[in-house]
Amino acid sequence: EPEVTQTPSHQVTQMGQEVILRCVPISNHLYFYWYRQILGQKVEFLVSFYNNEISEKSEIFDDQFSVERPDGSNFTLKIRSTKLEDSAMYFCASSEVGGAYGYTFGSGTRLTVV
Amino acid sequence: GQQLNQSPQSMFIQEGEDVSMNCTSSSIFNTWLWYKQDPGEGPVLLIALYKAGELTSNGRLTAQFGITRKDSFLNISASIPSDVGIYFCAGMPNSGGGADGLTFGKGTHLIIQP
């Protein structure tokens, strides 16, 4: 079964450093998303991306966040200057045609800011 | 923003028992989704509901989309040990295409006692 692949599985970074989280969406999917989940809390939407531009973003997705699709297969989330409160699981998701059909999540990257 | 109220927060049941959990919202969602999350993994889609009043089954799982489009429930019949995990409801504002972010509930932690 096709999977959304995320790397690394765990990243530790110092406060103030930049991090890039990487995702390879399912190959024929056109819509891409990032979510985060602070430990023990619910999954929260960050941003969606379609046709090489941001489609929708939440209030969490402020100026320190950016997304990019640098080539035909990768989708990245960059956090410019990490804060302690950025520590969370970050999930990438993709869907084929938009809407809920085939909306598939990756296994996540655990980001720990120290 | 939109919020989903999911209950119960946790359930302690015996193997073989039936399980019921639900989500309510103060605003309308046009698509309801139910996900299961195992520790250290991303959410995995169980059931997607697209029409008000729709009742959908997936094996031992049954979910319904409320008539008012402001609620949904998930039932699991004859629970087994691998049902242990956290179950999340999620709502999508639109039913068609588009890069919509999902709004998640806080989850129901299902624990099965031997």
Side-chain angles (χ1 to χ4, degrees), chain A residues 1-6 9-10 23 25-26 29-61 67 69 75 88-110, chain B residues 1-10 21 23-25 29-52 54 56 58 63 65 69 72 85-109:
Chain A
E1 190 163 328
E3 290 184 342
V4 175
T5 305
Q6 291 187 242
S9 57
H10 191 184
C23 170
I26 294 173
H29 283 192
L30 301 176
Y31 298 80
F32 314 114
Y33 313 85
W34 282 100
Y35 289 79
R36 80 170 185 194
Q37 185 180 32
I38 295 170
L39 185 64
Q41 298 189 23
K42 66 179 180 180
V43 179
E44 299 173 292
F45 169 71
L46 293 178
V47 66
S48 60
F49 192 87
Y50 169 70
N51 201 25
N52 281 319
E53 61 183 19
I54 289 174
S55 182
E56 183 183 338
K57 60 182 180 179
S58 72
E59 57 193 24
I60 302 170
F61 193 86
V67 289
R69 186 150 165 84
F75 180 52
M89 283 287 284
Y90 288 82
F91 293 107
C92 174
S94 69
S95 64
E96 184 176 357
V97 294
Y101 183 75
Y103 209 114
T104 305
F105 284 80
S107 296
T109 292
R110 178 171 297 284
Chain B
Q2 295 173 313
Q3 293 215 2
L4 295 182
N5 300 307
Q6 187 171 349
S7 63
Q9 186 175 3
S10 58
M21 61 191 77
C23 268
T24 60
S25 170
F29 287 97
N30 285 305
T31 301
W32 284 85
L33 307 165
W34 285 93
Y35 285 88
K36 179 175 185 264
Q37 185 178 29
D38 291 326
E41 298 293 326
V44 174
L45 181 65
L46 300 174
I47 292 181
L49 302 159
Y50 299 100
K51 288 167 54 176
E54 179 182 355
T56 297
N58 178 10
F65 190 154
R69 291 183 286 167
S72 176
I86 302 177
Y87 292 79
F88 289 99
C89 62
M92 179 177 281
N94 298 306
S95 57
D100 290 333
L102 299 176
T103 298
F104 279 81
K106 292 186 177 181
T108 294
H109 194 176

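Within every chain, numbering begins at 1; the chains are lettered A, B, ... in the order of the sequence lines, protein sequences first and strands thereafter. Remember, predicted model here, so these are calculated numbers, not experimental data.
Under the 3.5 Å distance criterion, with hydrogens and angles disregarded, a donor-acceptor pair is assigned to the side chains of B:T108 and B:Q6. Residues B:R69 and B:N30 bring a donor and an acceptor atom of their side chains to less than 3.5 Å of each other.
Most heavy-atom pairs under 4.5 Å with chain A, from the set B:K106, B:H109, B:Q37: that is B:Q37. With chain B as partner, the option from A:Q6, A:Q37, A:E44 having the largest number of non-hydrogen pairs under 4.5 angstrom is A:Q37.
Distance check, rounded to the nearest 0.5 Å: CG of A:N52 to CZ of A:F32 gives 8.5 Å. Separation of atoms OH (A:Y50) and CG (A:L30) is listed at 6.0 Å; rounding is to 0.5 Å.
Contact of A:Y35 with chain B is made through the side chain alone, with heavy-atom distances under 4.5 Å. In this structure, chain A has a heavy atom under 4.5 Å from the side chain of B:L33, while its backbone stays farther away.
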